[in-house]
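Order of the sequence lines sets the chain letters (A, B, ...), proteins ahead of strands, with each chain counted from 1.
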2 protein chains.
Amino acid sequence: MAEISIRDLAKELKLSIGTVSKALKDSHEISIPTKEKVFALARQLNYIPNPYASSLRGKKSNTIGVVVPEIADSFFSHAIKGIESVAQGKGYHVLIYLTDESFLKEEFILQDFKSGRVDGVLLSISSETSNILHIEQLKKKNIPLVLFDRTVEEISTTKIITDDLESSYKATHHLLKRGCRKISFLSISRHLSINNKRIEGFLKALSDHQAGACRNNIIDCTNDNKQNQAILHKILQSAERPDGIIASVEKLTIPVYLACRELQLNIPRDLKIISFSNSEAAPVMNPSLTTVTQPAYEMGKRAAIILFKAVEKKNFKMPNENIVIPSSLFIRSSAE
Amino acid sequence: MAEISIRDLAKELKLSIGTVSKALKDSHEISIPTKEKVFALARQLNYIPNPYASSLRGKKSNTIGVVVPEIADSFFSHAIKGIESVAQGKGYHVLIYLTDESFLKEEFILQDFKSGRVDGVLLSISSETSNILHIEQLKKKNIPLVLFDRTVEEISTTKIITDDLESSYKATHHLLKRGCRKISFLSISRHLSINNKRIEGFLKALSDHQAGACRNNIIDCTNDNKQNQAILHKILQSAERPDGIIASVEKLTIPVYLACRELQLNIPRDLKIISFSNSEAAPVMNPSLTTVTQPAYEMGKRAAIILFKAVEKKNFKMPNENIVIPSSLFIRSSAE
DNA sequence: CTGAAAGCGCTAACAG
DNA sequence: CTGTTAGCGCTTTCAG
């Protein structure tokens, strides 16, 4: 079953290739009867245009690239869902790449994008990313880029974020109200501005509350689960054991719960916890988890919508701005 | 910054286009010094080949398509992670499409694949899919296809599945052992063989246990959360209230927990529950959730590895077989 | 309204 | 070892 091409249609209909091409695009310069004949035959022979030929010719791939550190994470999976839904609506294709928190992978992937493989890029940077040359290079190639969630201030483009500082402030404030006096903040990477904003909110809440200087309440976690477990065990067993924890990222939640269980610490009595999490299981956890929940799906959607504006409108100048969609604090038993 | 092409390299080096092309592919018919010059200039000018030109020429996209019903689900997100990891290792690109359980979307997406956009396809069908013409048509185009998890027996290709019947049997058996006598099975779609296998295992366990005929213990749920909630409330309030539940799919778990809470039913005392779930939160749920956990990541990986075999080896005949990777039953408090 | 022709960037014969 | 050439399938001037 040889692929049938525009040429085959032309031959069959005794028309020129150019005419058929225009007819298929419903060009106004083609007569109605001709168009009808072309459409009819195309349908009959089940003609499907070769996307790579069009892409080569038109320098347009109808494809966007999505680069995220992780996918087995409710935030990212919901964000991707949002992205995919708008892409599908627009007839675009979505290439997914996982950096797995590796700067090298991220660099490699963006490097490839310079080829014109994608018409636009949605990026949430890896936790290792501090050097941003690869991102600037991509921008220099005039490939539209929207950053979401894990953004980089220095890159001039539109960024979709949530109110990290404020929501972290609120979370911390809530713990303080509930009587916590030794709150630890589980940090995921000092390279991530999103993480640092959350730290800022945390510290601001502490100082506003006159809780005094906080020595070492910021715990640097890693990308390695085992290591994190060890870290958690250590701090939960120390004399300086915290009475409150803010987990700045979803994947640290379960380890905290498990560590508490092993060490026979009662949540919320001995330790209150609030997580940045989009997990649907939060309300049925034991105890139910107080969360800062990000508008993941919405963020993905917005990011995609803005990206497509830049992709579709010629000389659309991507504004250098932060679009902030607020998170919600859901108070549940873990921080009662 | 005009894109630099193979022609620019050739001009600059006073070589022919063909020579440069071969040099870049490290062809043995090019002298070492020439290759070195070519590589040097390519690096210096930051030459990046146009993928669509190669694809058009070579009828090879270096891209695979992944079609799944959902992504905000631990099974699928982990499976995709497995797929992406092998694709990335092979230098392939991954197009993701969500059908959102819609047959029409699935049909449309596979239709597009006939264009040659992808070199191979990984598919997990939608819950609406009963007609499989679109899949067979894809196969007719000689596009390698591997089905995973939600497969179709009738399609002759390799399928990566788990031991649905057996694991469902074990789960049911466990509930019976714990004293359940009225077990309801929450079914997601009678079109899905995976669902039906689980039902089979369920019924077999019941009959092996001589629990007698089971009237209407199979509850047909839908894709709509609200509706499912209503259904659950109804059965949990009825006189015939079950004392055990098997949730054949992760997303039904939380609704059951919430319904029980509202109706003041104690899990596991009044109702025991086992879910097919890959949620990492299972051990910290209230009560901790007994799960049948599928080897999601492994399944994705295996599916991809086999797909690449077919994609890369010419005349590789995809065996028509089921590759079964077993699930694990994790017994926790919800079914004590 | 339709046709002819050039060419997107690359690859692979084939020739030399 | 290097060069020439003919396309892959499509779009888009430009003529007619």
Side-chain angles (χ1 to χ4, degrees), chain A residues 1-39 41-42 45-63 112-119 141 314, chain B residues 1-39 41-42 45-63 112-119 141 314:
Chain A
M1 181 186 272
E3 288 319 313
I4 99 114
S5 76
I6 221 170
R7 163 146 66 245
D8 303 320
L9 299 181
K11 215 177 293 172
E12 183 82 17
L13 292 168
K14 295 189 172 136
L15 285 170
S16 80
I17 286 179
T19 304
V20 174
S21 172
K22 285 177 210 155
L24 287 171
K25 308 206 95 65
D26 205 10
S27 159
H28 56 277
E29 47 174 328
I30 301 295
S31 73
I32 311 275
T34 303
K35 280 190 204 169
E36 277 170 355
K37 269 184 288 183
V38 171
F39 281 127
L41 187 65
L45 299 187
N46 203 1
Y47 165 72
I48 301 181
N50 180 316
Y52 296 127
S54 322
S55 290
L56 176 58
R57 180 60 235 248
K59 306 200 161 305
K60 182 92 175 27
S61 66
N62 275 284
T63 302
D112 172 80
F113 286 171
K114 292 185 202 155
S115 68
R117 188 184 299 279
V118 296
D119 296 338
K141 289 270 179 182
K314 45 215 143 233
Chain B
M1 182 187 272
E3 289 319 314
I4 99 115
S5 77
I6 220 169
R7 164 146 65 245
D8 303 320
L9 298 182
K11 215 178 294 170
E12 183 80 17
L13 292 169
K14 294 183 174 143
L15 286 170
S16 80
I17 286 181
T19 304
V20 174
S21 173
K22 285 178 210 151
L24 287 171
K25 308 205 94 65
D26 205 10
S27 159
H28 57 275
E29 45 174 327
I30 301 295
S31 74
I32 312 274
T34 304
K35 280 191 203 167
E36 277 171 356
K37 269 185 288 185
V38 171
F39 280 129
L41 187 65
L45 299 187
N46 204 359
Y47 165 72
I48 302 180
N50 180 317
Y52 296 128
S54 323
S55 291
L56 176 57
R57 182 59 234 253
K59 306 201 163 305
K60 183 88 173 29
S61 66
N62 274 284
T63 303
D112 172 80
F113 286 170
K114 292 185 202 155
S115 68
R117 186 183 299 281
V118 296
D119 297 337
K141 288 270 178 181
K314 45 216 144 230

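For L15(B) and dT4(D), the CG to P distance is 11 Å, given to the nearest whole Å. Here dT2(C) presents its P atom at 13 Å from CG of D26(A), a figure rounded to the nearest Å. Between the CD atom of E29(B) and the P atom of dA15(C) there is a distance of 14 Å, rounded to whole Å. For the pair L24(B) CG and dA12(C) P, the computed distance is 13 Å after rounding to whole Å. Atom-to-atom, CD of E36(A) to P of dC1(C) comes out at 13 Å; the value is rounded to the nearest Å.
Residue S31(B) places at least one side-chain N or O under 4.0 Å from the OP1 or OP2 atom of dT2(D).
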Q | Per-nucleotide protein contact string for nucleotides 4-9 of chain C (B base, S sugar-phosphate only, - none; heavy atom under 4.0 Å) | A | --BBBB
Please tabulate, for the side chains in residues 32-39 of chain A, all donor-acceptor contacts under 3.5 angstrom to protein atoms that are two or more places apart in sequence or on a different chain.
from	atom 1	to	atom 2	distance (Å)
T34(A)	OG1	S31(A)	OG	2.7
K35(A)	NZ	D26(A)	OD1	2.9
K35(A)	NZ	S27(A)	O	3.0

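Between N50(B) and E3(B), the closest side-chain pair of non-hydrogen atoms is not below 4.5 Å. When side chains are defined from C-beta on, I4(A) counts as touching L9(A), because their heavy atoms get closer than 4.5 Å.
Contact record, A42(B) with L24(B): CB-CD2, 4.1 Å, taken as the closest heavy-atom pair. Heavy atoms only, all atoms of each residue included: S115(A) and P49(B) are closest at CB-O, 3.5 Å.
Among the protein residues, K14(A) comes within range of the sugar-phosphate backbone only, with heavy atoms under 4.0 Å from sugar or phosphate atoms but none that close to a base. Backbone-only engagement by T34(B) is indicated by non-hydrogen atom pairs under 4.0 Å involving sugar-phosphate atoms exclusively.
Listed by chain and residue number, N62(B), Y92(B), D119(B), V311(B) satisfy the side-chain contact (heavy atoms from CB on, under 4.5 Å) test with K60(B) (two or more places apart in sequence, or in another chain).
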